[in-house]
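Order of the sequence lines sets the chain letters (A, B, ...), proteins ahead of strands, with each chain counted from 1.
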Protein chains: 2
Amino acid sequence: MGMAVTATRSGPRDPGGCASMERLRTIVRGDIDETICRGEEQADHWFRVVTGAARRCSLNAYGRRQIVDFLLPGDAFGFDAPALHECSAEVVCAGTTMARYPRRGLEDLAESDLQVSRCLCDMALDSIARLQTRTLILGHGSALARVSAFLLDWADRCDPGRDSAISLPMSRYDIADYLGIAVETVSRTLTVLRTRHVIALRATRCFTICDREALELATEGGDESSLAN
Amino acid sequence: MGMAVTATRSGPRDPGGCASMERLRTIVRGDIDETICRGEEQADHWFRVVTGAARRCSLNAYGRRQIVDFLLPGDAFGFDAPALHECSAEVVCAGTTMARYPRRGLEDLAESDLQVSRCLCDMALDSIARLQTRTLILGHGSALARVSAFLLDWADRCDPGRDSAISLPMSRYDIADYLGIAVETVSRTLTVLRTRHVIALRATRCFTICDREALELATEGGDESSLAN
DNA sequence: CGTGGCATTGATGTAATTCAAAAGACGTGG
DNA sequence: CCACGTCTTTTGAATTACATCAATGCCACG
């Protein structure tokens with residue numbers, strides 16, 4: 001079997017890398033909303049979420065925050081040029097830990113160890129898949145379509161296949177900044193989906209998909225009358 | 001020097017891959033708007049633009065088109081799982097040619113040839129940089145911010161550094177579908193930027209940046225009064 | 001010289017933002 | 001355990017920006 005040149009959907013992956021990589025690893029942990037890594041640090045390191053959840057944020061000159069990516073165990077980052085988009089990583093929920101690897105050491109290791117090289121490549125491809133999915137979510141026009149697409153994607157990442165109770169560890173603000181819409185709009189859209197029985201909110205940060213078909217339909221942003229009443 | 005684990009900004013790159021890869025290559029060419037590759041084909045192949053420009057499109061169930069990426073010479077695609085997001089590649093301007101490589105052969109080659117493996121990885125990382133940039137562009141709230149960010153990014157990709165005349169080979173529809181806004185809005189925004197002397201339109205599909213600072217400011221979407229009159 | 005696709009501009013409706021406030025969660029300390 | 005303050009979420013009303021509909025202008029091409 002050759003090196004994978006196609007990103008597969010990010011299902012629940014092995015949160016540890018390959019063995020020889022792990023000797024370079026440092027474990028980092030932080031409280032909720034704490035910054036794990038700033039832009040500069042990302043220049044020399046390479047990160048991977050082990051437990052919990054994290055977000056990658058970018059702030060523009062006027063303080064407007066943008067969330068570039070949500071990270072679950074197994075998700076890695078540090079591939080993108082830090083000079084380009086100053087981007088920090090922050091803890092989303094309690095008990096979040098991340099593995100940190102020195103970039104130099106990793107590069108050297110990849111040079112000699114094919115398994116490491118393959119492992120890195122796989123994670124880069126995973127990252128591509130996540131970004132691509134995100135691009136498509138953001139591309140959807142209406143707020144309803146974006147929120148629906150986000151919920152579907154998140155559910156698949158957390159618990160592929162099953163439609164059980166899904167934890168939504170991030171705040172509505174986080175979701176809003178991820179989708180590029182206002183918090184109030186996120187909230188309103190969720191209540192619409194809830195009152196139409198497309199989803200159920202077990203708690204404010206925990207939901208279930210009741211009608212997956214309707215949710216997928218809403219994603220397409222076509223005719224909303226299907227949701228009407 | 002080890003394998004690069006950071007994507008650098010996509011400047012003008014060598015449009016040919018490394019030598020041993022090129023033996024697997026087939027050259028494909030097409031007229032304007034022709035489809036070079038459909039979703040299925042992307043499962044078994046891996047592509048790279050040699051000359052001209054291309055776009056990667058995704059159509060949803062209701063016929064709404066979304067442009068996922070614009071490709072210039074040196075830009076590659078075929079990393080993402082085709083099952084996930086059915087995505088086709090189409091020719092944007094006359095004289096566009098693309099190199100096509102069989103995925104299997106490439107994987108096998110990468111297994112034995114470190115240079116090939118490195119080359120593939122670099123292009124994957126380039127792809128990440130493009131997607132990341134795009135994500136940030138789409139995240140910008142206002143139409144003005146999106147169009148401005150798009151113009152800046154495109155200018156940097158075409159001609160890094162200099163602010164000379166930039167060719168904009170794609171139609172306004174393409175730009176609209178790339179930015180997730182209406183064609184009319186793209187057109188209106190461009191005329192605003194033109195009348196404020198932020199950019200100049202040498203022709204409908206050719207522009208110059210007159211005031212880069214103002215364009216960067218518009219990108220942030222902060223205070224638009226700076227552009228007022 | 002006409003035809004058709006692309007681009008621009010105008011008028012109107014609508015969905016999302018913004019401003020404002022209330023209601024609900026959550027922790028702290030009395 | 002309850003009272004209190006703070007932060008998050010939800011809901012409401014007003015405004016704004018974008019989409020949509022419609023028409024005209026503009027080239028390129030046959």
Side-chain angles (χ1 to χ4, degrees), chain A residues 31-33 55 62-66 92-94 138-148 150 167-195 199-207 218 221-225 227-228, chain B residues 31-34 55 62-66 92-94 138-148 167-195 199-207 218 221-225 227-228:
Chain A
D31 286 336
I32 289 183
D33 291 334
R55 60 175 175 251
Y62 293 92
R64 192 183 190 93
R65 186 182 69 155
Q66 192 172 154
V92 163
C93 63
L138 266 182
H140 292 295
S142 72
L144 181 70
R146 286 185 192 201
V147 172
S148 303
F150 168 71
S167 163
L168 215 55
M170 72 290 286
S171 74
R172 303 285 134 109
Y173 285 91
D174 287 339
I175 298 175
D177 289 346
Y178 181 77
L179 298 178
I181 56 182
V183 204
E184 295 94 329
T185 308
V186 172
S187 191
R188 272 183 253 270
T189 306
L190 286 174
T191 58
V192 167
L193 288 172
R194 183 168 44 77
T195 56
I199 61 168
L201 291 175
R202 301 240 180 146
T204 36
R205 298 200 185 177
C206 178
F207 76 103
D223 191 359
E224 287 192 22
S225 62
L227 279 182
Chain B
D31 286 336
I32 290 183
D33 291 334
E34 247 179 35
R55 59 175 176 252
Y62 293 93
R64 193 183 189 92
R65 185 181 71 155
Q66 192 171 155
V92 163
C93 64
L138 266 182
H140 290 296
S142 72
L144 181 71
R146 287 185 191 201
V147 172
S148 303
S167 162
L168 215 55
M170 72 290 285
S171 73
R172 302 286 135 110
Y173 286 90
D174 288 340
I175 298 175
D177 289 346
Y178 181 78
L179 297 178
I181 56 182
V183 204
E184 296 93 331
T185 307
V186 172
S187 192
R188 271 184 254 268
T189 307
L190 286 174
T191 60
V192 167
L193 288 171
R194 183 167 46 79
T195 56
I199 62 168
L201 291 174
R202 301 240 180 146
T204 36
R205 298 199 185 178
C206 178
F207 76 103
D223 191 0
E224 287 191 25
S225 62
L227 280 182

Nearest to the [X] side chain among [options], which nucleotide is it?
X	options	result
A:Ala182	C:dT8, C:dT17, D:dA19	C:dT17
B:Glu184	D:dC18, C:dT17, D:dT20	D:dT20
B:Thr191	C:dT9, D:dT11, D:dC18	C:dT9

Check the distance between [N]'s [atom2] and [X]'s [atom1] and give it to me in whole angstrom.
X	N	atom1	atom2	answer
B:Ile181	D:dC18	CD1	P	8 Å
A:Phe207	D:dT10	CZ	P	13 Å
B:Leu190	C:dC6	CG	P	17 Å
B:Arg202	C:dA7	CZ	C1'	20 Å
B:Arg188	C:dT12	CZ	C1'	11 Å
A:Leu179	C:dA16	CG	C1'	14 Å
B:Leu144	D:dT16	CG	P	17 Å
A:Leu201	C:dG24	CG	P	15 Å

Taking protein heavy atoms under 4.0 Å as touching, what does nucleotides 24-30 of chain D look like 5' to 3' if B marks base contact, S marks sugar-phosphate-only contact and - marks none? -------
Atom of B:Thr185, atom of B:Ala143 and distance for their closest heavy-atom approach: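 Reported closest heavy-atom pair: CG2-CB, 3.5 Å.
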Give, for atom [atom1] of [X] and atom [atom2] of [Y], the distance between the pair rounded to the nearest 0.5 Å.
X	Y	atom1	atom2	value
B:His140	A:Gln66	NE2	CD	6.0 Å
A:Phe150	A:Ile175	CZ	CD1	4.5 Å
B:Ile32	B:Ser171	CD1	OG	10.5 Å
A:Asp31	A:Cys93	CG	SG	11.5 Å
B:Arg188	B:Leu193	CZ	CG	14.0 Å
A:Asp177	A:Met170	CG	CE	12.0 Å

Is the shortest side-chain N/O distance from A:Thr185 to OP1 or OP2 of C:dA16 below 4.0 Å?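 So the side chain of A:Thr185 is outside the cut-off, no N or O lying under 4.0 Å from OP1 or OP2 of C:dA16.
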Report yes if the side chains of [X] and [Y] come closer than 4.5 Å at any heavy-atom pair, otherwise no.
X	Y	result
B:Ile181	B:Val147	yes
A:Ile199	A:Leu190	yes
B:Asp174	B:Arg65	yes

Note down the inter-axis angle between the two ends of the helix from C:dC1-D:dG30 to C:dG30-D:dC1, five pairs each, to the nearest 10°. 30°
Donor-acceptor pair, distance only, cut-off 3.5 Å: does the side chain of A:Ser148 make one with the backbone of A:Leu144?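 Pair found, side chain donor or acceptor close to backbone of A:Leu144.
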Within the side chain of B:Arg205, is there an N or O that forms a donor-acceptor pair under 3.5 Å with the backbone of B:Leu168? no
Between the protein and nucleotides 7-9 of chain D, which nitrogen or oxygen pairs are less than 3.5 angstrom apart?
residue: D:dT8; atom: O3'; partner: A:Arg205; partner atom: NH2; Å: 3.3
residue: D:dT9; atom: OP1; partner: A:Arg205; partner atom: NE; Å: 2.9
residue: D:dT9; atom: OP1; partner: A:Arg205; partner atom: NH2; Å: 3.0
residue: D:dT9; atom: OP2; partner: A:Arg172; partner atom: N; Å: 2.9

For the side chain of B:Arg194 and the base of C:dT9, is some donor closer than 3.5 Å to an acceptor across the two? no
